[in-house]
Trainee: 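Sharing a structure here in structure tokens format.
The figures that follow rest on heavy atoms only: side chains count, while hydrogens, waters and symmetry mates do not. As the structure lists them, so they are numbered: ligands from 1, and atoms in each ligand from 1.
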Amino acid sequence: MDIVLRGVRIDDERPLVDIGVESGRIVEIAETIEGRGDEEIEAGGRVALPGFVEPHLHLEKAFLHRRLPARTGTLEEAIRVTGVLKAQQEREDVLERSRRVLDMAVRNGTTLIRAHPDVDPIQGLIGVETAVELRKEYQDLLDLQIVAFPQEGILKAAGVDDLMEQALDMGADVVGGCPYNELSWDDTKAHIDKVFDLAARRGLPIDMHVDFADDADDRRFASARYIAEKTIETGYQGRVALGHVTSLGALSPDEAKPVIDLLRRADIHIVTLPATDVYLGGRKDEARPRRGLTPVRALHEAGVNVAYSSNNIRNAFTPFGRADPLQIGNLLAHLVQFGTPDQQAEILKMGTVNAARVVGVSDDYGLAVGKQADIVILDTLTVADALLDLPARSWVLKRGRVTVVTTVESRVCRGCGENHSLKAPQAAPR
Ligand SMILES: O=c1cc[nH]c(=O)[nH]1
């Protein structure tokens, strides 16, 4: 075998296991694997998870936070401010900021990212062009899917139909949508129809930003219902992901239930972006409208596939960010009060297996024989502590190759028995 990981914790109820990896795949999981691998990793009882999946990241808009800082924190301001900066995008600068995000993500144990570059008349195709280049550059470290995302609308902004076609010709592999950014309900529906037509013509999956409102009267939550109906009508079940979907959280449980049931029947994946979506600083009628959070608990209980992601990293949309799925999972767990051991385990699934379903790689994903060896080993000793400790990532493997190693001096404190190791991981080799 190419690599054997020794003494790995994958389940708190079962003994430690060894994991054997060959030709990029997991070929054996057993309490003891006989014989030695070409490379041996002594995990010392540390926890292994399948590599994290970030299904919703905006690379080319990252690290703009100091250039034109946000003053009010509204979505409208974020789109406006970022619009000004987008007009000045330059290739090398976009590449440099995107690499900072990708390097952070790799070091944090992420093995697949779905990037959502804007495709619009302001920045044109620079986000897609740079993402295609980075997909190649980072191919040994992570997989990069690219969504053609019409941030400024399709009907509202001239020439976007053509730009979307060009983005897909260049290598974008998912059709994005931004129906909240049209001027009327008719245009919103027309936008959604165009996204479905384009995806069907190209045979590609769909991933749309749905809405950010915290407003039950808003037409926007109706888009989620319209998209679900359209998904069933076109046979696109399982191939549509929706980001944000926050106005659904403003409905009463009785109002939300039929929409949630429809989303489940349409097998639509919901990606919540808690670092961006929760803004409770104003009322509906104030200049600083609230944003809400999609009803994670109700969606999960109804059987809808829910995942989470970082969204933007340090810009007017999202002021914070380290591209760390454990950090965002911890934030989400606090916000939705998922604190029991089972609920914490569910949050870990949202950043791993659920997110893998969102991006359509489930067949190849997970800690099981035959799956691709995308693995992150955490510097903690029980799976149940992963969200509590936010531990260092001791090793990361992509397709069976070690991409990150973190040397940790002392794993467990001799004084209190708690895990205090905080040493930063080394840079991922490129
Ligand atoms: O949160 C958001 C909303 C729109 N566009 C983004 O890039 N992020």
Trainee: Just checking His58 against Phe149, ring centres under 6.0 Å apart?
Mentor: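 Yes: the rings meet the under 6.0 Å criterion.
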Trainee: Asp118 versus ligand 1: do any nitrogen or oxygen atoms come within less than 3.5 Å of each other?
Mentor: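 No: no nitrogen or oxygen of Asp118 is under 3.5 Å from one in ligand 1.
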Trainee: Got the closest protein heavy atom to atom 3 (C) of ligand 1, with its distance?
Mentor: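 Result for atom 3 (C) of ligand 1: Phe212 CZ, 3.0 Å.
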Trainee: Classify the angle between the aromatic ring planes of His56 and His116 as parallel (below 30°), tilted (30 to 60°) or perpendicular (above 60°).
Mentor: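 His56 vs His116 ring planes: parallel.
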Trainee: For ligand 1, is there an N or O atom under 3.5 Å from any N or O atom of Thr276?
Mentor: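 Checking ligand 1 against Thr276, no N or O pair falls under 3.5 Å apart.
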Trainee: Using a 4.0 Å heavy-atom cut-off, say whether Thr318 meets ligand 1 through its side chain, its backbone, both or neither.
Mentor: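 Neither; no heavy atom under 4.0 Å.
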Trainee: Which atoms of ligand 1 are found less than 4.0 Å from any heavy atom of Gln151?
Mentor: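 Numbered from 1, ligand 1 contributes 4 (C), 5 (N), 6 (C), 7 (O).
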Trainee: Decide whether a cation-pi geometry holds between Arg314 and Phe320; the criteria are a distance under 6.0 Å from NZ or CZ to the six-membered ring centre and an angle within 45° of the ring axis.
Mentor: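 No, Arg314 does not lie over the aromatic ring of Phe320.
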Trainee: If you count the atoms of ligand 1 from 1 in the order shown, which ones are under 4.0 Å from a heavy atom of Asn311?
Mentor: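 That gives atoms 1 (O), 2 (C), 8 (N) of ligand 1.
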Trainee: Please list, in number order, the atoms of ligand 1 under 4.0 Å from a heavy atom of His244.
Mentor: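 Ligand 1 atoms under the 4.0 Å threshold to His244: 1 (O), 2 (C).
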Trainee: Between Gln89 and Arg97, is any side-chain donor less than 3.5 angstrom from a side-chain acceptor?
Mentor: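 Judged by distance alone, the side chains do pair up.
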Trainee: Of all the atoms in ligand 1, which lie at a distance below 4.0 Å from a heavy atom belonging to Tyr180?
Mentor: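 So the answer, numbered in order with elements, is 3 (C), 4 (C).
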Trainee: Sort out for me which residue in Asp374, Thr111, Asp140 forms a side chain to side chain donor-acceptor pair (under 3.5 Å) with Lys398.
Mentor: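 Exactly one option meets the side chain to side chain donor-acceptor pair (under 3.5 Å) with Lys398, and it is Asp374.
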Trainee: For the pair Asp363 and Lys371, find out whether any cationic side-chain nitrogen is under 4.0 Å from an anionic carboxylate oxygen.
Mentor: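 A salt bridge is absent here (no side-chain N lies under 4.0 Å from a carboxylate O).
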Trainee: Of all the non-hydrogen atoms in the protein, which one sits nearest to atom 8 (N) of ligand 1, and at what distance?
Mentor: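 Of the protein heavy atoms, Asn312 ND2, 2.9 Å lies nearest.
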Trainee: Looking just at side-chain N and O atoms, do Asp379 and Thr406 make a donor-acceptor pair shorter than 3.5 Å?
Mentor: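 The answer is no; no qualifying pair exists.
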Trainee: Out of all atoms in ligand 1, which are within 4.0 Å of some heavy atom of Lys61? Include the element for each.
Mentor: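 So the atoms of ligand 1 that pass are 5 (N), 6 (C), 7 (O).
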Trainee: Over all heavy atoms of both residues, which pair between Leu326 and Ala386 is shortest? Give the atoms and the distance, please.
Mentor: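 Reported closest heavy-atom pair: CD1-O, 4.0 Å.
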Trainee: Give the residue, atom name and distance (to 0.1 Å) of the protein heavy atom nearest atom 2 (C) of ligand 1.
Mentor: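 In this structure, atom 2 (C) of ligand 1 has Phe317 CD2, 3.3 Å as its nearest protein heavy atom.
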